[in-house]
2 protein chains.
Amino acid sequence: MDQSLGQSRAITAGERAYQWTREAILSGRIPEGTFLEEKLVCDEAGVSRTPVREAFHRLAAEKFIDLLPRRGAQVRRVTAGELFETYEMRLLLELHGFRILCGKNIDIPAWLSEHLDRMEDPERVARVRAGDRDAIAEHAKMDFFFHFSFVKATGNSILIDLYTSLQPRHQRIAVSAVSLRPKRLEVIAPEHRTLLKALTDHDYDTAERTLRHHLRPDETVVSHLR
Amino acid sequence: MDQSLGQSRAITAGERAYQWTREAILSGRIPEGTFLEEKLVCDEAGVSRTPVREAFHRLAAEKFIDLLPRRGAQVRRVTAGELFETYEMRLLLELHGFRILCGKNIDIPAWLSEHLDRMEDPERVARVRAGDRDAIAEHAKMDFFFHFSFVKATGNSILIDLYTSLQPRHQRIAVSAVSLRPKRLEVIAPEHRTLLKALTDHDYDTAERTLRHHLRPDETVVSHLR
DNA sequence: CCCTCACCCTATGTATACACAGTGTATACC
DNA sequence: GGTATACACTGTGTATACATAGGGTGAGGG
């Protein structure tokens with residue numbers, strides 16, 4: 001195609017295909033259960049099938065899609081069972097992060113407060129509550145980023161990997177939760193503030209108590225996924 | 001890890017390439033740090049480059065190899081730092097499994113005792129102590145399988161996924177540990193028996209104490225990886 | 001009206017050809 | 001003798017052609 005343009009060759013075609021698809025799934029442009037056709041991604045990402053297929057295998061390993069032999073790539077659904085499991089694992093991994101952060105007196109990034117400011121921006125919140133799909137997907141990503149920051153601060157690369165692998169499932173759950181119960185936003189925001197303060201103060205007990213309440217499956221979402 | 005199941009299904013070329021490479025790495029036939037050439041796998045697995053490259057991307061996502069752009073696929077090394085992190089994560093995940101198994105009175109598979117019998121088979125142990133690379137790799141796989149069984153028994157599919165993703169790192173560490181300190185075998189075996197009994201008795205405290213001692217990095221291995 | 005079966009057609013699985021970057025080596029120069 | 005540079009070669013990155021399985025659609029029968 002247009003390889004001859006001499007653009008920054010740093011990004012390979014496979015990487016473009018991967019990022020486009022990953023973003024399309026995370027943003028909700030491609031709904032769960034959709035059979036993702038190679039040709040669609042080829043056209044959208046402007047690459048041939050080979051790098052697209054490589055991206056698909058990577059995305060399958062990362063639980064974004066299921067690769068059904070001779071059927072195609074299906075965007076993964078989150079079942080009710082997986083919802084419970086995801087919260088269970090998030091609690092396990094995040095609490096472990098908290099223990100390290102508090103125990104070793106590791107400081108958490110100062111800009112996290114500004115991140116919460118952006119999440120609570122009235123205009124953004126209004127769009128989310130209005131049901132704007134893009135805004136909801138963006139909110140879910142920011143929520144993940146917030147929690148991920150604590151895990152990242154521990155510096156444990158494997159913990160970071162494990163937690164990262166939860167993102168596809170987190171995204172679906174968070175989108176469902178905010179879509180079905182926009183009122184949750186009013187609960188989430190102050191809990192995030194409490195978490196941040198507790199960790200800044202190295203107050204593990206408060207952090208744990210808050211997180212245990214924060215990571216509780218919403219019955220409305222559960223029944224919706226059943 | 002399920003090496004013997006499902007021979008009858010129509011296995012794709014990509015799957016053959018994946019399994020051959022995965023097995024070659026786990027068995028130690030391809031040493032860490034090796035640049036894995038696509039052509040080699042093509043010849044060995046009897047497929048063309050396309051499915052091999054797909055397998056490589058999958059293996060990279062699973063942390064078996066690093067894909068260096070324009071350089072190739074390098075079999076991952078385990079650093080000293082990752083050794084500590086791996087033990088830390090194994091402890092976290094396995095203890096969580098133990099809590100569930102004991103708390104919910106879930107029974108663990110009865111055949112695990114026979115699995116330990118096979119691990120302690122004098123002939124096998126002799127080969128491991130003699131430094132037989134295949135026997136050592138096999139021992140490491142059996143060790144992983146033993147610990148994995150507890151995680152599997154919880155039925156939490158995400159926990160199972162997360163633990164599975166530790167296998168590449170576990171394998172390298174276990175092989176190093178047994179190679180450098182064959183004497184460890186005499187410590188490992190009784191600890192495995194203690195763990196199994198504690199879990200059969202739903203005695204979490206003993207299980208936790210034993211596991212905390214069991215999953216302790218060996219200083220010899222640590223300095224070897226540095 | 002619903003179910004079944006056969007056909008076609010589309011999308012996947014695989015191989016291969018070509019483009020090009022990175023590495024190694026040999027040669028020339030300092 | 002050591003270092004720098006140019007060139008060839010090897011192996012990866014990508015596109016594309018071809019084979020084939022699986023599903024959709026239509027007609028025919030119950």
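The chains referred to below are lettered A, B, ... by the order of the sequence lines, with proteins before strands, and numbering in each begins at 1.
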What's the closest nucleotide to the B:Glu37 side chain, out of C:dG13, D:dG11, C:dT16? D:dG11
Nearest to the side chain of A:Glu38, heavy atoms from C-beta on, is which of D:dT14, C:dG13, C:dA15? C:dG13
In whole Å, what is the span from the [atom1] atom of [X] to the [atom2] atom of [N]?
X       : N      : atom1 : atom2 : result
B:Ile11 : C:dT14 : CD1   : P     : 11 Å
A:Gln74 : D:dG22 : CD    : P     : 16 Å
A:Leu67 : C:dA11 : CG    : P     : 16 Å
B:Asp43 : C:dA15 : CG    : C1'   : 14 Å
B:Glu54 : D:dT14 : CD    : P     : 14 Å
A:Lys39 : D:dA15 : NZ    : P     : 14 Å
A:Phe35 : C:dA11 : CZ    : P     : 13 Å
A:Glu15 : D:dG13 : CD    : P     : 12 Å

When all nucleic acid strands are considered with a 4.0 Å heavy-atom cut-off, which category describes A:Leu40: base, sugar-phosphate, or nothing?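 Answer is nothing: A:Leu40 stays at 4.0 Å or more from every strand.
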Pick base, sugar-phosphate or nothing for B:Arg71, based on heavy-atom distances below 4.0 Å to the nucleic acid.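 Contact class for B:Arg71: sugar-phosphate only.
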Taking the six-membered ring for Trp, are B:Phe64 and B:Tyr18 ring centroids under 6.0 Å apart?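 For B:Phe64 and B:Tyr18, the ring centres are not under 6.0 Å apart.
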Between A:His192 and A:His115, does the ring centroid distance fall short of 6.0 Å? no
Does a side chain donor of either B:Ser165 or B:Glu62 reach within less than 3.5 Å of an acceptor in the other side chain?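 B:Ser165 vs B:Glu62: no donor-acceptor pair found between side chains.
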B:Gln171-B:Gln167 side chain donor-acceptor pair, cut-off 3.5 Å: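 B:Gln167 and B:Gln171 do not have a side-chain donor-acceptor pair below 3.5 Å.
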OP1 or OP2 of C:dA15 sitting under 4.0 Å from any side-chain N/O of B:Ser48? yes
A:Arg53 side chain N/O closer than 4.0 Å to the phosphate oxygens (OP1, OP2) of C:dG13? yes
Suppose we call a contact any N or O donor and acceptor under 3.5 Å apart; does that hold for the side chain of [X] and the base of [N]?
X       : N      : value
A:Thr50 : D:dT16 : yes
B:Arg49 : D:dG11 : no
A:Arg70 : D:dG23 : no

Using heavy-atom distances to pick each residue's nearest nucleotide on DNA chain D, tell me which of A:Pro69 and A:Gly14 is more 5'.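 Its nearest nucleotide being more 5', the pick is A:Gly14.
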Does CZ belonging to B:Arg127 count more than 12 external heavy atoms closer than 6.0 Å?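 More than 12 within 6.0 Å, yes.
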